[in-house]
S.K.: 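First, the structure itself, so that you have it in front of you.
Chain identifiers are assigned alphabetically (A, B, ...) following the order of the sequence lines, protein sequences preceding nucleic acid strands; residue numbering begins at 1 within each chain.
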There are 2 protein chains.
Amino acid sequence: MPSRGRPRNFSREEALKSAMEIFWDKGFDNTSLADLTRVMGLNPPSLYAAFGSKAKLFLEAVDLYGRTDGAGIWEFLDSAPTAKEAVHDLLRRSAENFTQWPEPRGCMVVLSAPQMEGGDAAVCDDLKARRLQKQAALQHRLERGVAEGDLPQGTACDDIAAYVTSIQHGMSIHARDGASRQTLMAIADCCAAGWDAMVDASSRKI
Amino acid sequence: MPSRGRPRNFSREEALKSAMEIFWDKGFDNTSLADLTRVMGLNPPSLYAAFGSKAKLFLEAVDLYGRTDGAGIWEFLDSAPTAKEAVHDLLRRSAENFTQWPEPRGCMVVLSAPQMEGGDAAVCDDLKARRLQKQAALQHRLERGVAEGDLPQGTACDDIAAYVTSIQHGMSIHARDGASRQTLMAIADCCAAGWDAMVDASSRKI
DNA sequence: CCTTTTTTGTATCGATCAATACATAATTGA
DNA sequence: TCAATTATGTATTGATCGATACAAAAAAGG
């Protein structure tokens with residue numbers, strides 16, 4: 001509540017959104033302070049006063065992404081009637097989400113991930129935690145499916161969650177490589193088409 | 001054939017291998033000239049005389065990767081008796097390959113990929129071409145399966161190739177996030193378990 | 001020997017990086 | 001009106017980036 005002092009003449013929200021978009025496009029390392037101040041429309045001192053540092057700004061941007069553009073993907077996870085439908089919907093929403101701009105963007109959390117060595121440790125840890133958190137959420141949804149009977153007892157929910165997130169992560173790479181929405185949808189359908197047999201094999205392993 | 005002049009006192013091959021390993025670990029951007037000269041054991045002028053630039057060195061390093069550490073993954077693709085076995089073997093070899101070091105490395109070509117905007121264009125284009133080339137090779141192998149009868153007529157080989165590479169790319173992210181070899185193997189097995197049903201659905205779509 | 005050629009090590013280049021110092025402008029509370 | 005507070009714009013910081021200038025060193029050709 002800074003009621004005193006000169007008021008800032010930019011919207012913190014809008015500036016953060018602009019930062020998110022360029023971080024999403026170019027990644028953490030390839031986005032310079034000059035890039036940020038340009039798209040955010042403010043000078044370095046204002047940026048640092050409002051967000052602390054480039055890394056903190058990035059973390060806020062990722063959080064914004066998770067609450068806005070990245071949120072829709074996981075919307076149906078818990079409300080889907082069965083685990084199978086939840087997964088199929090998750091992948092179809094991913095396909096849609098990753099290709100909803102002129103330039104396909106994929107998932108910010110996944111694409112910012114690789115090559116952690118040498119990068120900002122706090123940033124890498126945060127991104128990794130977000131990926132693992134989503135995978136855990138998916139695993140819990142699968143376990144609910146076992147409890148509710150739409151998945152057989154003994155299903156390896158951890159392995160299947162890893163399998164599904166693997167597909168989803170790969171879709172981000174494909175989106176960046178220019179894959180069409182149709183292709184990404186086909187990938188989602190491939191997973192769905194093999195689902196029953198896969199689940200069956202998983203539960204019969206033990 | 002530089003028969004004249006002072007001979008270099010380092011092995012170009014060994015230096016390139018060292019460069020490949022640190023590029024693999026840290027990526028193109030996060031690997032500095034100082035890093036490279038340190039692990040390669042030579043001074044900047046020697047590096048530039050031998051390799052031209054950081055980008056050219058990286059391209060040579062990626063090529064070396066494709067001919068050595070990354071080659072084994074695709075070894076059985078053409079000699080496998082059926083497309084199904086070829087894919088399953090590909091994914092299992094990937095799982096093995098991505099976790100064969102103390103620190104899991106994943107695939108150099110995939111992990112160096114993301115956030116092309118802002119990076120070196122030549123490097124990004126080369127990596128993208130390598131990914132698409134492998135996907136095309138996989139697609140051709142599937143088409144051979146159709147021709148040889150172990151896949152049904154009308155199978156969408158392009159979609160399935162995208163599906164399989166999506167899984168494989170995602171496995172690299174998982175490897176970086178600390179997934180065990182066992183988990184990656186389970187992912188490969190998930191794909192194999194659902195294979196027949198998936199292929200069947202694909203061929204019945206048309 | 002001496003010239004030519006190539007590599008070596010040192011020392012550094014200009015550019016760009018993330019981050020700030022500083023003075024000024026704009027607002028509130030007294 | 002005036003002190004306190006906060007944000008702004010300009011200009012710049014030290015560090016690091018990728019890449020070189022330069023001269024000494026080490027080989028071959030003559």
S.K.: Restricting to non-hydrogen atoms, name the atom on Leu42(A) and the atom on Ala15(A) that form the minimum distance, rounded to 0.1 Å.
M.R.: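 Closest pair (atom of Leu42(A), atom of Ala15(A), distance): CD2-CB, 4.2 Å.
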S.K.: Decide yes or no for Asp69(A) and Trp24(A): does some side-chain heavy atom of the first lie under 4.5 Å from some side-chain heavy atom of the second?
M.R.: yes
S.K.: Could you give the NZ-to-C1' distance, from Lys56(B) to dG18(D), as a whole number of Å?
M.R.: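 In whole Å, dG18(D) C1' lies 14 Å from Lys56(B) NZ.
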S.K.: Which donor-acceptor pairs under 3.5 Å do side chains of residues 45-55 of chain B form with protein atoms, sequence neighbours excluded?
M.R.:
from: Ser53(B); atom 1: OG; to: Ala55(B); atom 2: N; distance (Å): 3.4
from: Ser53(B); atom 1: OG; to: Lys56(B); atom 2: N; distance (Å): 3.2
from: Lys54(B); atom 1: NZ; to: Phe28(B); atom 2: O; distance (Å): 3.0
from: Lys54(B); atom 1: NZ; to: Thr31(B); atom 2: O; distance (Å): 2.7

S.K.: Could you tell me how far apart Arg38(B) (CZ) and dG18(D) (P) are, to the nearest whole angstrom?
M.R.: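 After rounding, the reported distance stands at 12 Å.
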S.K.: Is a side-chain N or O of Asp35(A) found less than 3.5 angstrom from the main chain of Ser32(A), in a donor-acceptor match?
M.R.: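 Pair found, side chain donor or acceptor close to backbone of Ser32(A).
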S.K.: Remember a base hit wins even if backbone is also touched, and classify Phe51(B) as base, sugar-phosphate or nothing at under 4.0 Å, heavy atoms.
M.R.: nothing
S.K.: Using a 4.0 Å heavy-atom cut-off to protein, can you give one letter per nucleotide of nucleotides 11-23 of chain C, 5' to 3': B if the base is in contact, S if only the sugar-phosphate is, - if neither?
M.R.: ------SSBBB--
S.K.: Is the distance from OP1 or OP2 of dT8(D) to the nearest side-chain N or O of Asn9(A) less than 4.0 Å?
M.R.: yes
S.K.: For dG9(D), does OP1 or OP2 lie under 4.0 Å from any side-chain N or O of Asn43(A)?
M.R.: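 Yes, Asn43(A) has a side-chain N/O under 4.0 Å of OP1/OP2 on dG9(D).
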S.K.: Taking CZ from Arg8(B) and P from dA28(D), how many angstroms apart are they, rounded to a whole number?
M.R.: 16 Å
S.K.: Would you say the side-chain atoms of His174(A) and Thr183(A) include a donor-acceptor pair closer than 3.5 Å?
M.R.: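 No, no side-chain donor-acceptor pair sits under 3.5 Å.
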S.K.: Is any side-chain nitrogen or oxygen of Ser46(A) closer than 4.0 Å to OP1 or OP2 of dA7(D)?
M.R.: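 Negative; the distance criterion is not met.
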S.K.: Please list, chain by chain and in numerical order, all residues satisfying side-chain contact (heavy atoms from CB on, under 4.5 Å) with Val146(B), sequence neighbours excluded.
M.R.: Leu151(B), Gln153(B), Thr155(B), Cys157(B)
S.K.: Is a side-chain donor or acceptor of His140(A) paired with a backbone partner of Ala136(A) at a separation under 3.5 angstrom?
M.R.: yes
S.K.: Between atom CG in Asn30(B) and atom P in dC17(D), what is the gap in whole Å?
M.R.: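 Result: 10 Å.
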S.K.: Please determine, by modelled atom types, if Gln135(B) and Gln139(B) share a side-chain donor-acceptor pair under 3.5 angstrom.
M.R.: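 Per modelled atom types, Gln135(B) and Gln139(B) side chains form no pair under 3.5 Å.
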S.K.: If you look only at distance, which donor and acceptor atoms sit under 3.5 Å apart when one is on a side chain in residues 98-110 of chain B and the other is two or more places apart or in another chain?
M.R.:
from: Thr99(B); atom 1: OG1; to: Ala95(B); atom 2: O; distance (Å): 2.8
from: Thr99(B); atom 1: OG1; to: Glu96(B); atom 2: O; distance (Å): 3.4
from: Thr99(B); atom 1: OG1; to: Arg181(B); atom 2: NE; distance (Å): 2.9
from: Gln100(B); atom 1: NE2; to: Asn97(B); atom 2: O; distance (Å): 3.1
from: Arg105(B); atom 1: NE; to: Asp25(B); atom 2: OD1; distance (Å): 3.4

S.K.: Just checking, any donor-acceptor pair under 3.5 angstrom between side chains of Glu85(B) and Thr82(B)?
M.R.: yes
S.K.: Taking only Lys NZ, Arg NE, NH1 and NH2, and the carboxylate oxygens of Asp or Glu, determine whether Asp177(B) and Arg131(A) approach each other closer than 4.0 Å.
M.R.: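 Looking at Arg131(A) together with Asp177(B), the answer is yes, because their closest N to O distance falls below 4.0 Å.
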S.K.: Which protein N or O atoms sit under 3.5 Å from an N or O of nucleotides 27-30 of chain C?
M.R.:
from: dT27(C); atom 1: O2; to: Gly5(A); atom 2: N; distance (Å): 3.4
from: dG29(C); atom 1: O4'; to: Arg4(A); atom 2: NH1; distance (Å): 3.0

S.K.: I need the residues from residues 11-20 of chain A with at least one non-hydrogen atom less than 4.0 Å from DNA chain C; give them sorted by number, or say none.
M.R.: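 Of all residues in residues 11-20 of chain A, none places a heavy atom under 4.0 Å from DNA chain C.
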